[in-house]
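Let me begin by presenting the structure, written as structure tokens, before commenting on it.
A note on names: the letters A, B, ... follow the listed sequences, proteins ahead of strands, and every chain is numbered from 1.
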There are 2 protein chains.
Amino acid sequence: MLGGMTTDTSVPPGAREAVLRAAQDLYAENGVAATTPRQVLARSGIGQGSLYHHFPSKRELAVAAVARTVAQTLASAAGDLEAEGAADERLEAYLSRPRDAVAGCRVGRLTADPFVMADDELRGQVAGYFSSLIDLVAAAFREQGSSGEQARDRAIAAVAVLQGGYVLSRALGDPSTMQSAVRGFLALLGPRR
Amino acid sequence: MLGGMTTDTSVPPGAREAVLRAAQDLYAENGVAATTPRQVLARSGIGQGSLYHHFPSKRELAVAAVARTVAQTLASAAGDLEAEGAADERLEAYLSRPRDAVAGCRVGRLTADPFVMADDELRGQVAGYFSSLIDLVAAAFREQGSSGEQARDRAIAAVAVLQGGYVLSRALGDPSTMQSAVRGFLALLGPRR
DNA sequence: GTCTATAAGAGGATAGAC
DNA sequence: GTCTATCCTCTTATAGAC
């Protein structure tokens, strides 16, 4: 094989690629509902009709672009959580890794997006992301010694701290708020590891 | 005095009141950006020009409606956090109180709203809410024995768990996810109280 | 496949009668 | 103060030439 297809971002541009990347970036900035096809065209540099040649509607574009964002974000998390080494170190590495907190979470913000929440498939993509992420984190907690229900509650709390950290950093315009949230959570977790 | 003015919701309707309440509800459902003046008119039952008689623009309506939501939500939190009794019990009561988690946080969701984030005053209202809320929670942690920086980190983590709990409950369409997040956090907090 | 031009509708706001 | 009617712009999507 000559490289994966779903998440490879280092490929010759191409119109379809350019459109998808522009859409992903614009969704990260303003969400799906507020992003117009015109904006996607302008940023990707292609012409009017070309967008509708590759994607029949705004909705189909959103499905494709959100799928990529979900796959990329999940792969990145798995990279930390399924790395080699002790489970507690992997958890700490994942939770405290650098994040552009003021920009917000590309997936989490979609839970407030009316266009996404009104569409079953888009909604399902977001649900799938968090379901998988929680499973990954819960597996690490189980490995580290927590058992069953406790591991799952801790995993959900951990992912919530990150998502809430994004919300607070964004609200306050302060990247350090995410760090405080993670530090506060890890301190509680720490003593008994 | 005959009752407070800023947050009283039990007052004769009146057009301005009806408009504000309709706007607050619609913002909770779809956000500010996606809520049209037409929708506000339809839900409040008033006529077209009447909206613009009370509020010069969509933006001014948003400023007034968001101010009310912030004041109400903060007052509700203060009710729990500044009640009588032990600080740890007030914290637990606040964190585990019933919430419509799948609906999302009326204030937190605004951090993903492009209309809000593009406007300094609206953005400032959201920042003020979280700043005050964190202060309230941090005060309780300090009272309960945590000191200085640790109390603040814990407060930020606690508020993040709630905000992230809303995001996860909404993403998964499952109210129990908020409960798991809070349970996971309280379990870590519990042993050393 | 890509472009320019354009149509149908919704969004935000205003005019002016009552 | 409240209503109906209306205006202009932007959004989404399509048509059709190249």
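- Looking at which nucleotide of DNA chain D each of A/Q39 and A/G49 is closest to, the 5′-most match is held by A/Q39.
- Considering only the side chain of A/S50, C/dC3 comes nearest among D/dT12, C/dC3, D/dT2.
- Regarding A/H54, its NE2 atom lies at a distance of 8 Å from the C1' atom of C/dT2, rounded to whole Å.
- Using modelled atom types, one side-chain atom of B/T111 and one backbone atom of B/G108 make a donor-acceptor pair closer than 3.5 Å.
- Distances from the side chain of B/I46 to the nucleotides D/dT12, D/dC3, C/dG11 place D/dC3 closest.
- A salt bridge is absent between B/E84 and B/R90: the closest approach of a Lys/Arg side-chain nitrogen to an acidic carboxylate oxygen does not fall below 4.0 angstrom.
- Distance, B/Q48 CD to C/dG16 P: 16 Å, rounded to whole Å.
- A donor-acceptor contact under 3.5 angstrom links the side chains of B/S146 and B/R154, judged on distance only.
- Listed nucleotides: C/dA13, D/dT2, C/dG1. Nearest to the side chain of A/H53: C/dG1.
- Closest to the B/K58 side chain, of the nucleotides D/dC3, C/dG12, D/dT12, is C/dG12.
- In this structure, the CZ atom of A/R38 is 8 Å from the C1' atom of D/dT12, given to the nearest Å.
- What separates CD of B/E60 from P of C/dG12 is a distance of 14 Å, to the nearest Å.
- Nucleotide D/dT2 holds its P atom 12 Å from the CZ atom of B/R16, rounded to whole Å.
- Here C/dT6 presents its C1' atom at 13 Å from OH of A/Y52, a figure rounded to the nearest Å.
- Atom CG of A/L51 and atom P of D/dT14 are 12 Å apart (whole Å).
- Between the CZ atom of A/F55 and the C1' atom of C/dG1 there is a distance of 14 Å, rounded to whole Å.
- Each of B/R43, B/R109, B/R170 was checked for a salt bridge (Lys or Arg N to Asp or Glu O under 4.0 Å) with B/E29, and the lone residue meeting it is B/R43.
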